[in-house]
Amino acid sequence: MTTAADTASYKAGTNAKVYGWGRTTSTTQGISTTLKTATLPIQSDTTCTNFYGADFAKGHMVCAGTPASGSDEGTTSACNGDSGGPLVVNGRIVGVVSWGVKDCVESGAYSVFSKVSTYVGTVYPRVDDTNLNGDNYADVWVRNAADKTGYERDSKGTSLGARQSWGNWSGFNVVLQTDLDRDGYQDLLVRRASDGDVFWKHYVPSSGTWATKLIGDNWKTRLSIVAPGDVTGDHLPDVVSVDSGGALWIYPGKGNGSFATHVKAGVGWNSFNFVRGHGDFNGDGLADLVARKKTGGAVYLYKGRGNGTFAAGLKVATWSNTTYNAFATVGDVNGDGKADLLARTPAGTLYLYRGNGSTGNVIFSARLSLGTTFKQYDIFA
């Protein structure tokens, strides 16, 4: 998809390509049996409003094409059956086929698309969420400290379902959910306690088995390992870590469980006792990080810029270690299209802090309790 800040793609006259299997004539309802494409120039909001009036919602819609001729001849347009298809500029989806006039050829009409830049903050959680059971809510993975059994706890929006056992997960001290190959099946990143090696465990649908691949050698001293989504702007999930010296490193994902050369993105991150992130906390469609200071408990939002860097920290809360001693960021837990945060008290109550997409410093709505029995778990993912 395009980004929330993209305006160039919507400049009037910019050529865009639409794809679909929809109708190819106004005289029959039959749809195409092969994929079709057409080039349509983007139109200004003023042009679209002049034709459609109040039916055209500026900021949420974009129209494209040359004015329809009133007949098949001389008309190039999306039509019935194309709905949901992409409108593409420079290799990025900028629109989604939405609606138009009856039979698609009314004189002066344009094709109308949903404006993707307005919705990237809502759409990307659907791409990056830790959705274990396929219901579009981000789920929680926990491990019992005593017997090392891992459990899946599926989100129901404002509560968690009964735990489902994943068997014994002894020998690991980090477990993270992510989908590095973007195949729609949730993966796990795990760190082996004995030597610090980090592995990518990913489901192979064709065989119904899990494969394991080494992705990090001897990360035993890494203070934090995070799977925030795409922080480099190439639309592929990345991994971020903090080394013992406090350097923040980005490992650009290649979309297949391997990574390009890691890049230093900051220093001084050893001043934090947790660094987390999974998704977009401020509604701009870019993955962010959240970190808490060791001293004083100040919590900061580091807004991703989508180019491998982060804006200066914005203080969003103060939570000492006696307030919360475990955190997890798994994406959109309550299904509203905004990334959330989970925080556990030392007594074992797990709270859901719902993201509200604010660009200011109040990025979470009032907390909701998800239960009081979470003291037993030593890993939250």
Side-chain angles (χ1 to χ4, degrees), residues 1-4 6 9-10 14-43 45 47-49 51-52 54-68 72 75-106 109-129 131 134-138 179 181-185 205 229-230 235-236 255 279-280 283 285 331-332 335-338:
M1 292 179 289
T2 189
T3 65
D6 180 17
S9 296
Y10 300 100
T14 300
N15 281 332
K17 280 195 171 185
V18 62
Y19 298 82
W21 284 273
R23 293 171 61 185
T24 57
T25 173
S26 63
T27 58
T28 69
Q29 296 294 320
I31 62 173
S32 176
T33 58
T34 57
L35 181 65
K36 299 287 187 179
T37 185
T39 299
L40 306 177
I42 298 291
Q43 297 294 338
D45 289 338
T47 297
C48 302
T49 301
F51 184 82
Y52 286 111
D55 288 339
F56 181 82
K58 180 181 176 181
H60 295 271
M61 300 175 187
V62 60
C63 78
T66 54
D72 289 350
T75 297
T76 302
S77 173
C79 201
N80 307 84
D82 290 323
S83 295
L87 184 71
V88 178
V89 174
N90 294 326
R92 295 285 182 250
I93 299 172
V94 301
V96 177
V97 179
S98 184
W99 61 278
V101 296
K102 183 179 179 180
D103 294 328
C104 314
V105 298
E106 179 183 329
Y110 302 93
S111 301
V112 184
F113 304 81
S114 298
K115 191 173 184 179
V116 168
S117 63
T118 299
Y119 294 99
V120 291
T122 300
V123 175
Y124 266 119
R126 293 293 172 265
V127 178
D128 282 324
D129 271 352
N131 183 16
D135 65 354
N136 293 321
Y137 292 103
D179 183 9
D181 56 1
R182 285 276 172 84
D183 64 355
Y185 292 93
D230 169 36
H235 302 268
L236 297 172
D280 166 33
D332 178 19
D336 64 356
K338 301 175 181 65

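- Under the 3.5 Å distance criterion, the side-chain polar atoms of Tyr119 are left unmatched by any main-chain donor or acceptor of Ser114.
- Checking side-chain atoms of Arg92 against main-chain N and O of Thr3 turns up no donor-acceptor pair under 3.5 Å.
- Using a 4.5 Å heavy-atom cutoff, the side chains of Thr47 and Phe56 are not in contact.
- Taking 4.5 Å as the limit, every side-chain heavy atom of Tyr137 sits out of range of all side-chain heavy atoms of Asp332.
- Here the shortest heavy-atom pairing between Cys104 and Ala68 reads O-CB, 4.2 Å.
- Going from atom NZ of Lys36 over to atom CD1 of Ile31 covers 12.5 Å, rounded to the nearest 0.5 Å.
- Remark: side-chain polar atoms of Thr25 are paired, donor with acceptor, to backbone N or O of Thr27 under 3.5 angstrom.
- Using a 4.5 Å heavy-atom threshold, the side chains of Val62 and Val94 count as separate.
- Under the 3.5 Å distance criterion, the side-chain polar atoms of Ser9 are left unmatched by any main-chain donor or acceptor of Val89.
- A distance of 10.5 Å separates CG in Asp82 from CZ in Arg23, rounded to the nearest 0.5 Å.
- Summarising the geometry of Gly95 relative to Phe113, their closest heavy-atom pair is CA-CB, 4.1 Å, with the distance given to 0.1 Å.
- Although no hydrogens or angles enter the test, the distance criterion places no donor-acceptor pair under 3.5 Å between the side chain of Thr14 and the main chain of Ile42.
- With hydrogens and angles ignored, the 3.5 Å screen pairs no side-chain donor or acceptor of His60 with any backbone N or O of Thr118.
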### Message
What verdict does the side-chain hydrogen bond (donor to acceptor under 3.5 Å, both in side chains) test give for Ser117 and Thr2, after you've listed the backbone C-alpha separation in whole Å, the side-chain angles of each residue and the deciding distance to 0.1 Å?
### Response
CA-CA 6 Å; Ser117 63; Thr2 189; over 6 Å; no
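- With sequence neighbours excluded, no residue forms a ring pair (Phe, Tyr, Trp, His ring centres under 6.0 Å) with Tyr19.
- With sequence neighbours left out, the ring pair (Phe, Tyr, Trp, His ring centres under 6.0 Å) criterion links Tyr52 to Trp99.
- When atom types are taken as modelled, the side chain of Asp103 and the backbone of Val105 share no donor-acceptor pair closer than 3.5 angstrom.
- Looking only at side-chain heavy atoms (C-beta outward), Leu87 and Val97 stay at 4.5 Å or farther from each other.
- In plain terms, the two heavy atoms of Phe51 and Val101 that are nearest each other are CE2-CG1, 4.2 Å.
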